[in-house]
Novice: 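This is the structure I want to talk about, given as structure tokens.
Sequence lines set the chain letters: A, B, ... in the order given, protein chains first and strands last, and positions in each chain run from 1.
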Number of protein chains: 2
Amino acid sequence: MKGKIFIIEDEASIVQLVQHNLEKEGFVVSSSLNGNEGLKELKKFEPNLLLLDWMLPDLSGIDICKNIRRDSNFKSLPIIMLTAKGEEEDKVKGLESGVDDYVTKPFSFNELHARIKAVLRRSDPNIVANDLTFEDLKLDRIEKRVFRADKEIQLGPTEFRLLEFFLTNPKRVYSRDQILETVWPNNVNVESRTIDVHIRRLRQSINIKDKKELIRTVRSSGYSLV
Amino acid sequence: MKGKIFIIEDEASIVQLVQHNLEKEGFVVSSSLNGNEGLKELKKFEPNLLLLDWMLPDLSGIDICKNIRRDSNFKSLPIIMLTAKGEEEDKVKGLESGVDDYVTKPFSFNELHARIKAVLRRSDPNIVANDLTFEDLKLDRIEKRVFRADKEIQLGPTEFRLLEFFLTNPKRVYSRDQILETVWPNNVNVESRTIDVHIRRLRQSINIKDKKELIRTVRSSGYSLV
DNA sequence: TTAAATTGTAATATTTCTGTAACAAAAGAA
DNA sequence: TTCTTTTGTTACAGAAATATTACAATTTAA
């Protein structure tokens with residue numbers, strides 16, 4: 001069971017795109033093109049997550065948010081807000097009125113999907129896959145543990161995130177910039193060479209003697225798993 | 001054995017939803033769509049708990065309640081009343097006529113489930129799991145006692161709730177925010193560092209020499225049991 | 001009411017983690 | 001080979017997160 005997602009968004013093309021893709025991912029999806037009706041349908045549908053357009057013809061996103069948060073049955077419904085580019089103040093307002101995350105339009109489905117999983121993982125962990133594995137490596141996001149060949153490995157927080165990142169796309173080569181963007185908290189400035197050091201630390205931790213090296217260096221491109 | 005639940009409710013869709021979910025949870029469920037018949041069937045069925053709609057076409061919730069309380073065989077049958085939104089006076093009347101709890105429609109199944117467990121825990125402790133255990137730790141929700149290796153341990157109220165929380169999902173790592181949300185009463189603002197102190201107190205209480213530490217610190221993530 | 005227990009916070013100590021710089025080693029290029 | 005570029009390794013100081021302690025305020029019990 002992947003969970004139920006409700007969409008309130010007035011641009012039919014977006015709804016169609018998102019709904020179709022989410023259903024392909026195994027979610028049960030329902031949607032509404034306007035706010036007032038959407039609210040009613042949503043409460044019947046009882047989703048695990050709401051995708052909410054911030055600019056609707058009838059009701060503003062804030063109003064919907066408030067309404068939802070006031071209803072004891074939906075107080076903790078995770079909400080991801082869809083906002084048009086440049087409406088920076090809206091983001092602030094959104095986060096203040098209890099939105100869990102936001103995605104700026106236009107967005108790629110992959111980006112949205114990642115956000116959805118992240119939000120669901122926090123609010124409703126059973127809905128989302130929590131173990132990442134690759135060969136004899138296993139990372140448990142719930143218990144925050146890492147195993148190589150069934151032996152537990154201790155990692156620092158950054159090494160953990162780094163490995164988690166590689167495990168979401170094994171084999172794929174990531175540049176230092178890509179790694180930096182995803183693994184490090186936003187608006188943090190670190191030397192790109194710093195990654196080398198963390199790679200070293202990660203290697204040191206996950207390598208077992210007689211077992212093959214798991215992190216490959218791709219000269220002038222970056223690193224990848226195996 | 002999870003116990004038997006009877007439902008008297010005239011909206012077939014609600015009955016279906018609730019009955020289905022309760023059966024999935026292991027309860028034996030029977031139901032009736034109207035009051036007079038429901039009363040008869042109920043007495044044959046001999047449930048451990050009754051879910052009672054307050055607004056029925058034929059008999060009012062109060063009448064049913066009175067009838068039940070007058071019957072010596074069902075004097076102490078726990079009743080949860082289902083009431084439509086805004087019927088505040090009904091709640092008062094309900095509680096006066098011996099209802100144990102009420103749930104406002106529309107409700108989520110999870111909410112109802114929680115209420116049912118809470119009511120059964122009080123009235124019929126054998127039906128509901130009241131002991132949380134993990135390795136040699138045992139927490140008794142009824143008597144509010146905690147044991148480690150069969151030796152009783154004294155905990156303050158907050159430490160008790162904290163441990164109870166960890167025991168509902170052992171091994172899982174919880175962030176300070178999650179702990180705060182669940183363990184502390186709502187809309188109470190406490191410093192997130194305060195949790196560290198309570199963790200310390202809890203550790204101090206449940207740790208026995210020569211026995212392993214039960215609470216794991218996961219740097220930058222939170223805490224978990226073992 | 002007094003005494004005891006409980007709570008939250010702030011201050012301090014301790015531990016662990018991070019980023020960087022400096023140098024070594026390796027891989028390409030010429 | 002020799003030079004250049006890129007990556008590996010190491011050590012270390014400062015930063016960040018957690019542990020511990022003490023204390024005042026509040027609640028509960030006696």
Novice: With the threshold set at 4.0 Å, does a side-chain nitrogen-carboxylate oxygen contact exist between Glu164(B) and Arg141(B)?
Specialist: yes
Novice: What are the 5'-most and 3'-most nucleotides of DNA chain C lying under 4.0 Å from any heavy atom of chain B?
Specialist: dT6(C) to dC17(C)
Novice: Between the side chains of Thr217(B) and Arg203(B), is a donor N or O closer than 3.5 angstrom to an acceptor N or O?
Specialist: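 Short answer, yes.
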Novice: Minimum heavy-atom separation for Lys212(A) and Asn207(A), please, with both atom names.
Specialist: O-OD1, 4.3 Å
Novice: Using the salt bridge (Lys or Arg N to Asp or Glu O under 4.0 Å) rule, pick out the option among Arg115(A), Arg121(A), Arg69(A) that qualifies with Asp100(A).
Specialist: Arg69(A)
Novice: Could you point out which residue of Leu202(B), Leu137(B), Leu163(B) forms a side chain to side chain contact (heavy atoms under 4.5 Å, CB included) with Leu214(B)?
Specialist: Leu137(B)
Novice: What orientation do Tyr174(A) and Phe165(A) show, parallel under 30°, tilted 30 to 60°, or perpendicular over 60°?
Specialist: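 Correct class here is tilted.
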Novice: Locate the shortest heavy-atom distance separating Ile208(B) from Ala149(B); write the atom from each residue and the value.
Specialist: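 That would be CD1-CB, 4.4 Å.
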Novice: What string of B, S and - do you get for nucleotides 17-22 of chain D 5' to 3' if you count protein non-hydrogen atoms under 4.0 Å?
Specialist: BBSSBB
Novice: If you pin Leu155(A) and Glu191(A) to their nearest nucleotides in DNA chain C, which one's is more 5'?
Specialist: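 Nearest nucleotide further toward 5': that of Leu155(A).
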Novice: Do any N or O atoms from the side chain of Lys138(B) and from the backbone of Asp131(B) form a donor-acceptor pair under 3.5 angstrom?
Specialist: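 The answer is no, because no donor-acceptor pair under 3.5 Å joins these two groups.
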Novice: What does Gln154(B) touch in the nucleic acid at a heavy-atom separation under 4.0 angstrom: a base, only the sugar-phosphate, or nothing?
Specialist: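 Touches nothing.
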Novice: Output, in order, the C-alpha distance, side-chain angles, deciding distance and verdict of side chain to side chain contact (heavy atoms under 4.5 Å, CB included) for Phe166(B) and Ile199(B).
Specialist: CA-CA 11 Å; Phe166(B) 278 121; Ile199(B) 290 281; 3.8 Å; yes
Novice: Which residues, if any, of residues 178-185 of chain A bring a heavy atom under 4.0 Å of DNA chain C?
Specialist: Trp184(A)
Novice: Does Val190(A) or Pro157(B) map to a spot on DNA chain C nearer the 5' end, using the closest nucleotide for each?
Specialist: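 Its nucleotide being nearer the 5' end, the pick is Pro157(B).
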Novice: Got a salt bridge between Glu9(A) and Lys105(A), using NZ or NE/NH1/NH2 to carboxylate O under 4.0 Å?
Specialist: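 Looking at Lys105(A) together with Glu9(A), the answer is yes, because their closest N to O distance falls below 4.0 Å.
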Novice: Calculate the interatomic distance between Asn207(A) atom CG and dT9(D) atom C1'; express it in whole Å.
Specialist: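 Taking atom C1' of dT9(D) as the reference, CG of Asn207(A) is at 15 Å.
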Novice: Rounded to whole angstroms, how far apart are CZ on Arg161(A) and P on dA16(D)?
Specialist: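 Distance, rounded to whole Å: 14 Å.
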Novice: Show the nearest heavy-atom pair for residues Arg172(B) and Ile142(A), with the distance to one decimal.
Specialist: CG-CG2, 3.5 Å
